[in-house]
Amino acid sequence: MNAPQSTNFNTQAGTASVRLTPWDQRALGLRTAELTRLEADTAEHAQQLICDIEHWCRAQQVQYLFGRINANTQHLKQALLAQQHVPVECSLTLSRTGFEALPPIPGGMRPTLRPATEDDLAVLQPIAYHDFHHGRFLEDPTIPVEHARKRSFYWVADLLQQGHLQAAESRGKIIGFHAERLDMEKRHADLILTGTCAAYAMLALPLWTTALSNLSERGIQHCSTLISTANTGVINLYARLGFHFDTALLGFRKYL
């Protein structure tokens, strides 16, 4: 019998969910899992749920458990710290409704987006490996940098296989990529991963503007994303693009 890939824990005082993340394990060389939900009335109830999660993880031979919580939930932070979970990163959720008043971009600087192909990976994966420096694993000092970068490298190929990846071109040269996921009604877009190679960093704003304009042209009027607070460059970029900063999330991890 195959091991369960995820499970939920529910009590009268709270609920929690956890899932295995084999896509992370592939790069990190550790059996990994993610705490995807933690809600509780008190720190004591939260701590009991965390104990249940850890027990399940150990039964699945998980070595590295990661999860995010709202940064304003003091009792959840207290519970995680009491269980020796360590904060390693902070993220922000952002959103925008409507795409009016995007920054004007000269035509010669506006890249084009097209569906990425297998042949593009030879260019796109090295961009993710060398030029992306933020994220929950890249910001965890206990994870070897080459392993965290490899996770980004593999992620690009996974996004291609899932049909979410677009290649960004400028004057016939690939300069970056954009990945998005639409909801079932095709009204909302989750902006998964976007960026340029370091040599074309000046085209970051045109790339994001092009991606948002393309959403508008398809009748999609709402989007959201998650970014690292350590990535001040992209924070300023999203601010210039008129995004609303919604929630701060703290990322905790524990070696089991």
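Numbers here simply count residues along the sequence, with the first being 1.
Heavy atoms of other residues, nucleotides or ligands lying less than 6.0 angstrom from CD of Gln12 number 12 at most. The number of heavy atoms from other shown groups lying within 6.0 Å of CZ (Arg110) is above 12. The local environment of CZ in Arg187 is sparse, with at most 12 non-hydrogen atoms from other residues, nucleotides or ligands closer than 6.0 Å. Atom NE2 of His244 is surrounded by 12 or fewer heavy atoms from other residues, nucleotides or ligands within 6.0 Å. The number of heavy-atom neighbours closer than 6.0 Å to CD of Gln162, taken from other residues, nucleotides and ligands shown, is above 12.
Side chains of Val86 and Tyr255 form no contact here, defined as non-hydrogen atoms less than 4.5 Å apart. Looking at heavy atoms from C-beta onward, Gln63 lies out of side-chain contact with Leu256 at the 4.5 angstrom threshold. Inter-residue side-chain proximity for Leu49 and Thr11 is flagged as met; some heavy-atom pair is nearer than 4.5 Å. Here the side chains of Cys223 and Leu215 are in contact, with some heavy-atom distance below 4.5 Å. Contact check for His134 versus Leu138: no side-chain heavy atoms found under the 4.5 Å cut-off. Taking 4.5 Å as the limit, some side-chain heavy atom of Glu54 sits within range of a side-chain heavy atom of Lys254. Arg68 has its side chain within reach of Leu226: a pair of non-hydrogen atoms, C-beta onward, lies under 4.5 Å apart. Proximity of Phe252 to Leu35: side-chain heavy atoms (C-beta onward) are nowhere separated by under 4.5 Å.
For the atom pair CG (Asp246) and CG (Leu92), the distance works out to 9.0 Å, reported to the nearest 0.5 Å. Going from atom CD1 of Ile50 over to atom CG of Leu80 covers 4.0 Å, rounded to the nearest 0.5 Å.
Both Leu241 and Ile235 are part of a single hydrophobic cluster, where members link through side-chain heavy atoms under 4.5 Å apart. Each of Ile127 and Val234 belongs to its own hydrophobic cluster when Ile, Leu, Val, Met, Phe, Trp and Tyr are linked at side-chain heavy-atom distances under 4.5 angstrom. One hydrophobic cluster, built from ILVMFWY side chains closer than 4.5 Å, cannot hold both Leu160 and Trp23; they sit in different ones. With hydrophobic clusters built from ILVMFWY side chains whose heavy atoms lie under 4.5 angstrom apart, Leu237 shares a cluster with Ile105. Cluster annotation: Ile174 and Tyr129 are assigned to distinct hydrophobic clusters (Ile/Leu/Val/Met/Phe/Trp/Tyr, side-chain heavy-atom contacts under 4.5 Å, transitive).
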One pair to check against side-chain contact (heavy atoms from CB on, under 4.5 Å): Glu100 and Gln221. What are the steps and the verdict? CA-CA 10 Å; Glu100 297 80 13; Gln221 287 297 303; 4.2 Å; yes

Quick one: do Leu250 and Glu89 satisfy side-chain contact (heavy atoms from CB on, under 4.5 Å)? Show the steps, please. CA-CA 6 Å; Leu250 283 180; Glu89 58 96 51; over 6 Å; no

So Arg253 and Glu139, salt bridge (Lys or Arg N to Asp or Glu O under 4.0 Å) or not? Walk me through it. CA-CA 11 Å; Arg253 66 102 172 104; Glu139 294 176 34; over 6 Å; no

Before you tell me yes or no, could you show the steps for Gln161 and Glu118 under side-chain hydrogen bond (donor to acceptor under 3.5 Å, both in side chains), namely the whole-Å CA-CA distance, both residues' side-chain angles and the distance that decides it to 0.1 Å? CA-CA 9 Å; Gln161 293 300 319; Glu118 290 280 350; 2.5 Å; yes

So Thr93 and Thr225, side-chain contact (heavy atoms from CB on, under 4.5 Å) or not? Walk me through it. CA-CA 6 Å; Thr93 61; Thr225 192; over 6 Å; no

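Both the sub-6.0 Å distance and the 45° axial angle are satisfied by Arg151 relative to the ring of Trp155.
Across all their heavy atoms, Leu124 and Ala116 have their closest contact at CD1-CB, 4.1 Å. Here the closest non-hydrogen pair linking Ala27 and Tyr154 is CB-CD1, 3.9 Å. Of all the heavy atoms in Ile220 and Phe99, the pair that sits closest is O-CE1, 2.9 Å. Closest approach of Ala13 and His45 over heavy atoms only: CB-ND1, 3.1 Å.
Under the side-chain contact (heavy atoms from CB on, under 4.5 Å) rule, Leu165 has a single partner from Asp158, Asp120, Val156, which is Val156. Here the options are Ile143, Val88, Thr32, the test is side-chain contact (heavy atoms from CB on, under 4.5 Å), and the partner is Phe137; only Ile143 passes. Between Cys57 and the options Thr7, Val62, Asp52, a side-chain contact (heavy atoms from CB on, under 4.5 Å) holds for only Val62.
Remark: side-chain polar atoms of Thr15 are paired, donor with acceptor, to backbone N or O of Phe9 under 3.5 angstrom. Put simply, the side chain of Gln84 gets close to the backbone of Ala82: a donor and an acceptor are under 3.5 Å apart. For the pair Thr73 (side chain) and Leu76 (backbone), a donor-acceptor distance under 3.5 Å is absent.
Ring geometry for Tyr238 against Phe243 counts as perpendicular: the plane angle is over 60°, on a 0 to 90° scale with 30° as the lower cut.
A salt bridge links Asp24 with Arg136; the closest basic N to acidic carboxylate O contact falls under 4.0 Å. Ion pairing between Arg19 and Glu34 holds under the 4.0 Å rule for side-chain N and carboxylate O.
With hydrogens and angles left out, the side-chain atoms of Ser228 and Asn231 include no donor and acceptor closer than 3.5 Å. Using modelled atom types and a 3.5 Å distance limit, the side chains of His188 and Ser224 yield a donor-acceptor pair. Judged purely by distance below 3.5 Å, without hydrogens or angles, the side chains of Asp119 and Thr117 never pair a donor atom with an acceptor atom.
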Side-chain donor-acceptor distances from residues 190-207 under 3.5 Å, at least two apart:
unit_1: Asp190; atom_1: OD2; unit_2: Arg181; atom_2: NH1; d: 3.1
unit_1: Thr194; atom_1: OG1; unit_2: His178; atom_2: ND1; d: 2.7
unit_1: Thr196; atom_1: OG1; unit_2: Tyr200; atom_2: O; d: 3.3

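Residue pairs meeting the side chain to side chain donor-acceptor pair (under 3.5 Å) criterion with at least one member in residues 209-219, sequence neighbours excluded: Glu180-Arg218.
Glu44 is linked by a salt bridge (Lys or Arg N to Asp or Glu O under 4.0 Å) to nothing, counting only residues two or more places apart in sequence or in another chain.
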